Amino acid sequence: MSPDLLWICSIAFIAVFIVLSLIAVVMRGIMMLFPDRKGKDDAAVIAALSTVLQTTYPGTRITKIEEAP
Amino acid sequence: MEELLRLLSQSGLAHVTLGNWVMYALSGLLVYLAIRYQYEPLLLIPIAFGIVLANFPLAQMGSYGDGIIALIYDSGIKTELLPPVIFLGVGVLTDFRPLLARPITFLLGAAAQLGIFIAAVTAAYVFGFTLKEAASIGIIGGADGPTTIFLTSQLAPHILGPVALCAYSYMSLVPIIQPPVLRLLTTKKERAIQMSEGSAVSKIAVILFPMCTGALASLLVPSSAPLIGMLMFGNLIRESGVTERLSKTAGGALIDTVTIFLGIVVGATMEAERFLNPQTLMILALGAVAFIFSTAGGILFGKVLNLVLPESKKINPCIGAAGVSAVPMAARVVQKFVSDDTDGQVNPLMAAMGPNVAGVIGSAVAAGVFLSLIG
């Protein structure tokens, strides 16, 4: 038994929070800097839409894809 | 005839003790649980067989003897080699996107380490364990086998067997341990909280995550670097998209090979005279304390967060329970509990995977801090 253990555990618990919080903040920042653009220019979606459109209206070209609310 | 009698007297049979028979029975029980109920079979089967090997008198097959198992123990556990290699494979097999989609769930993963510290303090102050033993017992609450073995092999190798067995046994008992705690600490209204969808995660963020996490954790708590470093290395192999061969090996053949060695060596630490004592029962009791308080820590912190979060961002506190690691079982338990309770209306599996994988990082950091302060 050691009288220090309560103190060590408190420090350790706080340290776990600090490290994980820091990683969370850094990753939040990275995700803001590099947002996911898949929704806007997903090549697979464009290809699928183009194929359908070319079949229905040959010769047309897709210039903008918007998601209706 | 005299030679035959001498041979018989020198055989293992003549030296089998009651304790050995008890250990054979324990081994049989583990094999039964692994096969009948699928309780962590990949670990429990090798551990069970290791127990049998270690309890063959005169065979020198224990981890502390002079045979081949001791050779693996000395070169794989004492040197801290095997647990980090397992973490490499875990990194390859883990998708951190659910965590990155909701960065706030990092905090739930941290809060769910509460049981580690409650169990450690209880072990020292109530049961009289030494500081190093108490820390090793506490880490059971991290619900992470390799982390438990990593820390215990350095701080208190003499209790490695019961501590590791306890960790893996309770991990498989998560579906039994967690639901009552979830029911006790959450209201019907809280369980029905439908969380908003997480943010989309870009490929760049997914690739930068292992590098940033590895660097930050290793710089802040260097003693956690063997675990976190390998975990993140494995994850980078997975996410880079250009190292498929490495990824396949680390997440397949390598982790399986190391699991075999780790399991059998841990099992072989459990020789009857070392294992069958009141200390083992205390460790089993403390392991349950650790798991219960870790589950409670995650749930209660979820409730605290809801006090400050706006209505649209409220989280279902049940997902905090998944912060105990035990990937992915704890997240599945939360999903089943919430889904059953809400007649399938609320399904927080993906949200629960966030704290679940954060818990892996959290317990490794906790082990690193213990090593820094006590080791």
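Residue numbers begin at 1 in each chain, while the letters A, B, ... track the order of the sequences. These figures come from a predicted structure and were not determined experimentally.
Shown here for A/Phe13 and B/Gln113, the closest heavy-atom pair between the two residues is CE1-C, 4.2 Å. Contact detail for B/Gly362 and A/Leu20: the closest heavy-atom pair is CA-CD1, 3.9 Å. Across all their heavy atoms, A/Leu5 and B/Tyr125 have their closest contact at N-OH, 3.6 Å. Listed here is the closest heavy atom pair of A/Phe34 and B/Ser202: O-OG, 2.6 Å. When all heavy atoms are compared, the tightest approach of A/Ile30 to B/Ala205 is CG2-CA, 3.9 Å. Between B/Pro103 and A/Met31 the shortest heavy-atom distance is CG-CE, 3.8 Å.
Rounded to the nearest 0.5 Å, atoms CD1 (A/Ile18) and CG (B/Leu220) are 8.5 Å apart. Of the inter-residue distances, the one linking A/Cys9 atom SG with B/Ile374 atom CD1 reads 6.5 Å to the nearest 0.5 angstrom. We find the CD1-CG distance between A/Ile23 and B/Leu216 to be 6.0 Å, quoted to the nearest 0.5 Å.
In this structure, no portion of B/Val206 lies under 4.5 Å from any heavy atom of chain A. Residue B/Ala364 does not touch chain A at all, counting heavy-atom pairs closer than 4.5 Å. For B/Leu100, the parts sitting under 4.5 Å from any heavy atom of chain A are the backbone and the side chain alike. With a 4.5 angstrom heavy-atom cutoff, B/Ala134 touches chain A only via side-chain atoms. For B/Phe370, the part lying under 4.5 angstrom from a heavy atom of chain A is the side chain only. Heavy atoms of A/Val26 lying under 4.5 Å from chain B belong exclusively to its side chain. Only the side chain of B/Phe301 has a heavy atom closer than 4.5 Å to any heavy atom of chain A. In this structure, chain A has no heavy atom under 4.5 Å from any part of B/Ser224. Both the backbone and the side chain of B/Leu107 come within contact range of chain A, each with at least one heavy atom under 4.5 Å from a heavy atom of that chain. Contact of B/Leu114 with chain A is made through backbone and side chain together, with heavy-atom distances under 4.5 Å.
For B/Lys313, the NZ atom counts as loosely surrounded, since its 6.0 Å shell holds 12 or fewer non-hydrogen atoms of other residues, nucleotides or ligands. Within a 6.0 Å radius of CZ in B/Phe233, no more than 12 heavy atoms belonging to other residues, nucleotides or ligands are found.
Between B/Ile116 and A/Val16 the shortest side-chain heavy-atom distance does not fall below 4.5 Å. Using a 4.5 Å heavy-atom cutoff, the side chains of A/Arg28 and B/Ser199 are in contact.
In this structure B/Gln279 satisfies the side-chain contact (heavy atoms from CB on, under 4.5 Å) test together with B/Phe129, B/Glu133, B/Ile159, B/Asn277, sequence neighbours excluded.
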